[in-house]
2 protein chains.
Amino acid sequence: MSPFEPKQEAEPAGTSLRQPLKEYIAEISSLVMSELEAALPGEWSVPGNLKDAMNYSLQAGGKRLRPLLVIAACEALGGSRQAALPVAAAIEMVHTYSLIHDDLPAMDNDDYRRGKLTNHKVYGEATAILAGDALLTHAFYSVVQASRKHGVPAEHALSVVEDLAEMAGPRGMVGGQIADMEGEQGLTSLEQLQYIHRHKTGDLIVFSLTAGGRIAGADSRQLEALRDFGTHIGLAFQIQDDILDLVGDEGKLGKKTGSDLKQQKVTYPYFIGLDASRDEVKRLTEAARSAVLEGGFQDNTRLLDIADYLMKRDH
Amino acid sequence: MSPFEPKQEAEPAGTSLRQPLKEYIAEISSLVMSELEAALPGEWSVPGNLKDAMNYSLQAGGKRLRPLLVIAACEALGGSRQAALPVAAAIEMVHTYSLIHDDLPAMDNDDYRRGKLTNHKVYGEATAILAGDALLTHAFYSVVQASRKHGVPAEHALSVVEDLAEMAGPRGMVGGQIADMEGEQGLTSLEQLQYIHRHKTGDLIVFSLTAGGRIAGADSRQLEALRDFGTHIGLAFQIQDDILDLVGDEGKLGKKTGSDLKQQKVTYPYFIGLDASRDEVKRLTEAARSAVLEGGFQDNTRLLDIADYLMKRDH
C-alpha cells in the first residue's frame with residue numbers, strides 16, 4: 001500500500017486497487033531500486049570500478065516497466081510481492097545490460113541515453129562490455145534468490161531461469177538485436193519489423209509477466225493468458241513508440257522526435273501509415289485486455305489499468 | 001567406456017579406470033562436442049549469422065578441460081554422465097563467451113586464437129559481442145536441461161545455476177577480467193596476480209567440479225573437497241601456463257613462447273622465480289590430491305589422474 005494513502009479498517013477485498021496506478025508505479029519503482037541496491041551490496045569485494053559501472057546504468061532511470069509487470073502479474077494471482085522482487089530486479093539487470101551493449105561503438109554508437117552519458121563514455125568500452133556481462137550473469141543469481149530468501153519452490157524458480165535464458169537468449173532478445181542490426185541495411189517487409197519488435201523488446205515483456213505468474217504458482221491456463229497479454233502489449237508498446245517518435249511532444253518525451261526518420265529507420269507507420277498504426281495499438285490493447293479478462297486471475301484490475309496506461313502514454 | 005577397449009564380462013568395480021586417461025579425455029571431448037551441437041539445433045530459427053558465430057567459437061577447439069572436470073567429478077561420485085553433459089556444455093559456452101569478449105578490440109584486441117581468426121575478425125565486432133551474450137545466456141538454459149531431460153532434482157539444478165552465476169559473475173570471472181585489465185598497467189604484488197588467477201580462470205574450474213558433484217547429489221563434505229581440489233588445480237594450472245610461456249616447447253604449445261615477457265605481462269616466475277614456481281605447482285597438485293583422497297568419493301582415481309596430468313603437461 002502506498003504511504004500516501006490513509007490506512008483503513010476492515011478494507012474490502014481488492015481495496016489496494018483504489019491506489020491510483022501512478023502511485024502504484026512509483027511505489028514499485030522505489031522498491032525495485034532498493035532491491036537493485038541490495039543486489040550489489042557495498043561489502044562486495046569487486047575490483048576496480050566494475051560495480052560503479054553496473055550501478056551507473058542500473059540507476060540511470062527509465063520506466064521500470066518490466067519490473068512493474070513482474071510484480072503486477074504476481075499480485076494479480078495473489079502471489080507475494082516480496083518473492084517477486086528478486087525477479088523484478090533480475091529483469092531490470094537484463095534490460096540494462098542490453099542497453100549498455102546496444103550503445104557500444106560497435107553497435108549503435110550512442111553517446112547519450114536518457115540525457116546521461118552512456119556507460120562506455122563514462123567507464124570506457126572494455127569496462128562497459130564487462131559491466132554488461134556482469135549484469136546479465138548476476139540476473140540469474142538474483143532469480144535464484146527468490147527461492148533462497150522467499151521460499152519460492154525450486155521447481156518454479158528453475159522455470160523462471162529457463163524462461164529468462166530462452167527469452168533473453170539467441171532465440172529471444174539477442175536474436176531480435178541481430179535482426180535489428182541487419183535491418184539497418186533496409187527492412188523490406190512488415191513481417192521483418194514484427195520479428196524485431198517481438199524479440200528485441202517483446203520477449204522480455206512476455207518473460208516479465210510469466211515470471212511474475214510462476215512466482216505466484218500460476219497454472220498453465222494463467223501462464224498462457226499472461227503470455228498472450230504480454231505479446232499484445234509488447235507489440236502495442238513498440239508501435240506506440242514508433243508513433244510517438246513521429247508525432248510526440250518533445251518536452252514530454254525528453255528526446256527529439258523524428259529521429260527514426262532522420263536515421264532512415266523503418267517503423268510501423270512507414271509500412272501501414274499513422275492512422276492504421278493507432279488502430280493497431282487499440283486493437284492489440286483490446287486483445288491484451290481480453291486475455292487478462294479470460295485468464296482466471298484473482299484480481300485483474302491492475303493489469304487492465306497497465307494496458308490502458310501504455311496505450312494512452314505520451315512519453 | 002571407450003570404443004577402443006574390448007568389453008569384458010564380469011568386470012570388477014572401478015574397471016572403467018583402466019581406460020587410459022588420454023582415451024577418457026578424447027571420449028568426453030567428443031561427447032561434449034555432440035552435446036554442444038545438439039544445444040544449438042539446426043531447426044532453430046535465429047536471424048543472420050548469430051548461430052554460425054556462436055558455433056564458430058564453440059568448435060574452435062581447446063582443451064575442453066572444464067567439461068572434463070564436470071564429468072569426472074560427477075562420475076567420481078557415481079553420478080550419471082548423461083545428466084552431467086548439459087552442464088559440461090554450459091561451462092564450455094561460458095568459457096567460450098569469455099574468450100570472444102576478451103579478444104575484442106576494446107579488450108585484448110587479438111586477431112588469432114588457437115591459430116584461427118578470432119570471432120570478431122570473422123563476423124564483425126557487433127555480432128561477436130552478441131554471440132558472446134547469446135552463449136552466456138544459453139549456458140543457463142543448458143543447465144536447466146539437466147533437470148528437464150535427465151531428471152536432476154530442481155533443487156540441485158538451481159544450485160548449479162546459483163554457483164554458475166556467482167563464479168562467472170562480478171565476484172567471479174568477470175571480476176578477474178577487470179583485475180587483469182587493470183593489472184596490464186602494472187601489477188605490484190603476488191597477491192594481485194593470485195586474485196586474477198583465482199577469479200579469471202580458477203572460479204570456472206571450481207564451478208566445473210562442484211557442478212559435477214551437485215549433479216551426482218554430493219553432500220557438503222564432498223562439495224568442500226571438490227572446491228579445494230578445484231582451487232588448487234586451478235592455480236597450479238595457471239602457474240604451469242606461466243612456466244610454459246617461459247620455457248615451453250613452441251612446437252608442442254602451438255604458439256610462440258616468451259609472449260608474456262614481450263607483453264611485459266607479470267607472471268608467477270617474475271615474482272618468485274622459475275624453480276619456486278615449479279615447486280609451487282607440485283605443492284598445489286599434492287594439496288589437490290589430498291583433498292580428493294579425503295573427500296569420501298566413490299571412485300577418486302580419475303580426478304587424481306587429472307591432477308597429475310595437468311602438472312606434467314607440456315602444452
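Throughout, a chain's letter reflects where its sequence line sits, starting with A, and its residues are numbered from 1.
- Among A:H101, A:E166, A:H156, the residue making the largest number of heavy-atom pairs under 4.5 Å with chain B is A:H101.
- Below 4.5 Å, heavy atoms of chain B meet heavy atoms from A:L104, A:A106, A:M107, all part of residues 104-113 of chain A.
- Distance CD1/A:I178 to OH/B:Y123: 11.0 Å, rounded to 0.5 Å.
- A:E182 touches chain B through its side chain: at least one heavy atom from C-beta onward sits under 4.5 Å away, while N, CA, C and O do not.
- With 3.5 Å as the limit, one finds a donor-acceptor pair spanning the side chains of A:R148 and B:S159.
- Taking chain B as the reference chain and counting heavy-atom pairs below 4.5 Å, the highest number among A:A154, A:P47, A:A134 is found for A:P47.
- Other residues, nucleotides and ligands contribute more than 12 heavy atoms inside 6.0 Å of the NZ atom of B:K116.
- In this structure, no portion of A:D163 lies under 4.5 Å from any heavy atom of chain B.
- Shown here for A:D133 and B:V174, the closest heavy-atom pair between the two residues is CB-CG2, 4.3 Å.
- When B:P153, B:S98, B:G48 are compared by the number of non-hydrogen pairs under 4.5 Å with chain A, B:G48 comes out ahead.
- For the side chain to side chain donor-acceptor pair (under 3.5 Å) test, residues two or more places apart in sequence or in another chain that qualify with B:H199 are B:D203.
- Proximity of B:L50 to A:Q177: side-chain heavy atoms (C-beta onward) are nowhere separated by under 4.5 Å.
- More than 12 heavy atoms of other residues, nucleotides or ligands sit less than 6.0 Å from atom CZ of A:F271.
- Side-chain contact between A:H138 and B:P170: present, with at least one pair of heavy atoms (C-beta onward) separated by less than 4.5 Å.
- Heavy-atom distances place no part of A:M173 under 4.5 Å from chain B, backbone and side chain included.
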